[in-house]
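Residue numbers start at 1 and run along the sequence shown. One-based numbering, in listed order, for ligands and for the atoms of each. All values reported here derive from a predicted model rather than from experimental measurement.
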Amino acid sequence: MSGETLLKVQGVETYYGNIRALAGVDVHVDKGEIVSLIGANGAGKSTLMMTICGAPQARNGSIIFDGTDITRMPTHLIARLRIAQSPEGRRIFGRMTVMENLQMGAGLDSMKYFNEDVERIFTLFPRLKERMNQRGGTLSGGEQQMLSIGRALMARPKLLLLDEPSLGLAPLIVKGIFAAIKKLNQEEGLTVFLVEQNAFAALKLSDRAYVMVNGKVTMSGSGRELLTNPEVRAAYLEGG
Ligand code: ATP
């Protein structure tokens, strides 16, 4: 970890019509960190991820990425700054093959690394290599998640945003996906901001984490601190 801030979200408020989904959110992610955001259904976690990507845009507050103010920037320009997202529900292209999905993730300026990047992703997720000509829609949930992350990695992101990578997956598959995220972080220094309902897995993986309740950050600390915090344990780790 370099201690250098890559993403700084300050006082961000996001609305859906008159409904305020984010009520003044402050979070930051330093280069080389894995940071997670945990919280109950409807807390606003996905909204924060989407707001960072510019859709919906924040009504108030600011989002600075790698020294650039992206608060009012259109999504395609934000993507060009190398923020890549694996969204909730994976959103892979069901009728396209694994290879074609990966192609869709590569930005024009990363096309020259295409073969090299595909090989990296196949090394990380060998299952995708076995299935490279299979249509996305016929993959298992875990394979679709691997593909969604792989597609995001094709953009050579400086920041990878992951929205609920464990959703609907069996524990063993979740373990594999989280191990891959850790590997990317440790071996390539990839910075990751992760939204999770599986608080236990997320906190174990993360350097730092934030707890969100009703559109606000209510607690933050190292992954280890929050894992042992009695309030976090009662709300998100025990029987939840
Ligand atoms: P989950 O884990 O269930 O996805 P979350 O923490 O990611 O929850 P969000 O999806 O960000 O929460 O939702 C935050 C709030 O904003 C909720 O009250 C939700 O109903 C509302 N919301 C989300 N999307 C929309 C939308 N498109 N239109 C109106 N309200 C929305």
Side-chain angles (χ1 to χ4, degrees), residues 7-29 34-63 65 70-72 74-76 78-79 83-92 141-142 144-145 148-149 152 159-171 173-174 177-178 181 192-206 208-221 223 226-227 229 231-240:
L7 176 76
K8 193 166 180 66
V9 173
Q10 262 183 316
V12 159
E13 295 188 326
T14 300
Y15 285 74
Y16 296 108
N18 290 327
I19 297 166
R20 188 170 65 163
L22 297 183
V25 172
D26 298 321
V27 302
H28 73 273
V29 180
I34 301 181
V35 175
S36 62
L37 179 65
I38 62 171
N41 267 322
K45 305 181 300 298
S46 297
T47 301
L48 179 59
M49 286 284 164
M50 295 190 293
T51 303
I52 292 166
C53 295
Q57 281 191 348
R59 191 177 290 181
N60 296 307
S62 70
I63 305 173
F65 175 69
I70 61 169
T71 321
R72 305 269 173 266
T75 49
H76 68 283
I78 294 175
I83 297 183
Q85 190 185 16
S86 164
E88 187 171 6
R90 289 133 206 169
R91 309 260 180 87
I92 56 152
Q144 290 191 3
Q145 186 58 61
S148 177
I149 295 173
L159 174 66
L160 177 66
L161 302 177
L162 296 172
D163 196 344
E164 302 264 8
S166 78
L167 196 70
L169 304 181
I173 309 286
V174 173
I177 302 256
F178 276 49
I181 298 167
V192 180
F193 189 34
L194 174 88
V195 160
E196 258 302 336
Q197 280 203 45
N198 184 340
F200 184 69
L203 294 177
K204 263 193 7 192
L205 177 77
S206 299
R208 289 189 304 111
Y210 295 93
V211 179
M212 186 177 259
V213 179
N214 291 334
K216 280 193 177 140
V217 169
T218 55
M219 240 187 283
S220 65
L226 292 183
L227 265 177
N229 178 296
E231 271 180 71
V232 173
R233 293 193 71 87
Y236 305 105
L237 297 173
E238 282 157 13

Novice: State, without any angle test, whether Thr47 and Tyr16 hold a side-chain donor-acceptor pair at a distance under 3.5 Å.
Specialist: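 Yes - a donor-acceptor pair under 3.5 Å links their side chains.
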Novice: Just by distance, no angles: are the side chains of Asp163 and Gln85 close enough, under 3.5 Å, to form a donor-acceptor pair?
Specialist: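 Looking only at side-chain atoms, Gln85 and Asp163 do not form any donor-acceptor pair under 3.5 Å.
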Novice: Testing the 3.5 Å rule here: is there a donor-acceptor pair between the side chains of Thr218 and Glu231?
Specialist: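 Their side chains do not contain a donor-acceptor pair, so the 3.5 Å distance test is not met.
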Novice: List, ordered by chain and residue number, the protein residues whose closest non-hydrogen atom lies under 4.0 Å from any atom of ligand 1.
Specialist: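 Protein residues near ligand 1 are Tyr16, Ala21, Ala40, Asn41, Gly42, Ala43, Gly44, Lys45, Ser46, Thr47, Glu88, Glu164, Gln197.
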Novice: Can a donor-acceptor pair be found between the side chains of Thr51 and Gln57 at a distance below 3.5 Å?
Specialist: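 No, Gln57 and Thr51 have no side-chain donor paired with an acceptor closer than 3.5 Å.
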Novice: Mark yes or no for whether Lys8, through its side chain, and Val27, through its backbone, hold a donor-acceptor pair below 3.5 Å.
Specialist: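 No, Lys8 side chain to Val27 backbone: no donor-acceptor pair under 3.5 Å.
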Novice: What pairs with Asn60 under side-chain hydrogen bond (donor to acceptor under 3.5 Å, both in side chains), at least two apart in sequence or on another chain?
Specialist: Glu13
